[in-house]
Amino acid sequence: MDAMTLLHERSSMGKLTGPPPDAAQREALYRAALRAPDHKELTPWRFIEFSGKGLDRLGELFAEAEYRDDPHSGDDSLNAARKKPHRAPMVIAVIAKVTPDLPKVPPVEQVISAGCAAHGIVLAAHALGLGAMWRSGHYAFHSTVRKGLGLGEHDEIVGFLYLGQLAGRHKPLPERDPADFVERWS
Ligand SMILES: Cc1cc2nc3c(=O)[nH]c(=O)nc-3n(C[C@H](O)[C@H](O)[C@H](O)COP(=O)(O)O)c2cc1C
């Protein structure tokens with residue numbers, strides 16, 4: 001796939017199945033992430049990769065978050081939270097490691113950089129013929145999940161990237177016209 005086709009046609013895939021990306025594919029995904037634009041070369045990125053029993057551990061964190069929000073949560077909603085990471089054979093949490101009070105690189109720029117790293121991963125996944133879906137949900141902002149994943153006070157979870165083999169069809173691409181988004185000063 002040529003680069004422009006990838007950039008114009010990347011698409012998310014929520015229906016994913018095993019096997020998880022192999023070692024060479026994972027290496028390629030992370031290499032794409034590490035080319036994110038990065039002001040002052042802070043490398044403000046951290047990745048946690050979940051597969052196998054790791055997905056169970058992430059599910060337990062989600063269930064704990066659910067329980068803390070509502071201690072009356074029934075088994076159904078706790079089990080639904082536990083199952084969420086199992087929507088894919090592999091999940092990567094992309095975390096912005098934010099250094100506050102830097103003179104030239106405010107926190108927002110560091111979070112954007114981590115977002116670009118996440119985009120690098122989903123683009124690379126598409127190029128490799130893998131499926132990818134970037135999700136946050138309220139868990140990405142929940143103190144229980146943040147603590148469980150070892151985030152620092154200023155860090156942000158920019159997303160959980162669900163990755164695996166395609167188990168469905170890509171939905172049609174939306175018709176968007178650049179003219180609707182671009183104004184030109186010339
Ligand atoms: C930061 C971020 C968080 C997102 N969180 C969710 C989410 O929790 N659930 C969801 O269904 N889609 C979420 N999305 C959107 C999907 O990843 C996807 O972009 C959307 O379904 C449109 O599909 P497309 O990427 O094929 O255009 C999120 C996207 C971003 C950038």
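Whatever order the structure lists them in is the order used to number ligands and atoms, beginning at 1.
- Taking a 4.0 Å cut-off on heavy atoms, Val158 registers as neighbouring ligand 1.
- With ligand atoms numbered from 1 in the order given, ligand 1 contributes 8 (O) to contacts under 4.0 Å with heavy atoms of Gly137.
- Nearest-residue assignment for atom 31 (C) of ligand 1 (options Phe160, Trp134, Tyr162; heavy-atom criterion): Trp134.
- Interatomic distance, CG of Leu123 versus CE of Met1, reported as 10.0 Å (0.5 Å rounding).
- Across Met133, Met13, Arg10, Glu9, heavy-atom proximity to atom 27 (O) of ligand 1 is greatest for Arg10.
- Assignment of His170 to the shell around ligand 1 is not supported, since no heavy atom sits closer than 4.0 Å.
- Judged purely by atom type and a 3.5 angstrom limit, Gln25 uses its side chain to pair as donor or acceptor with the backbone of Asp22.
- Residues Leu29 and Phe47 have side chains not in contact (no heavy-atom distance under 4.5 Å, counting atoms from C-beta outward).
- Minimum heavy-atom separation, Ala36 to Ala117: CB-N, 3.6 Å.
- Regarding atom 18 (C) of ligand 1, its nearest protein heavy-atom neighbour is Ser12 OG, 3.4 Å.
- In terms of protein heavy atoms, atom 3 (C) of ligand 1 is closest to Ser136 OG, 3.4 Å.
- Note that Arg57 lies outside the cation-pi zone of Phe50, set by a 6.0 Å cut-off to the ring centre and a 45° limit from the axis.
- Taking 4.0 Å as the cut-off, Lys171 counts as a neighbour of ligand 1 on heavy-atom distance.
- Screening Ile48, Ile92, Val145, Val94 for a side-chain contact (heavy atoms from CB on, under 4.5 Å) with Phe160, the sole residue that qualifies is Val145.
- Using a 4.5 Å heavy-atom threshold, the side chains of Met4 and His8 count as touching.
- Residue Ser11 has at least one heavy-atom neighbour below 4.0 Å for each of these atoms of ligand 1: 26 (O).
- Remark: distances from the non-hydrogen atoms of Gly159 to ligand 1 are all 4.0 Å or more.
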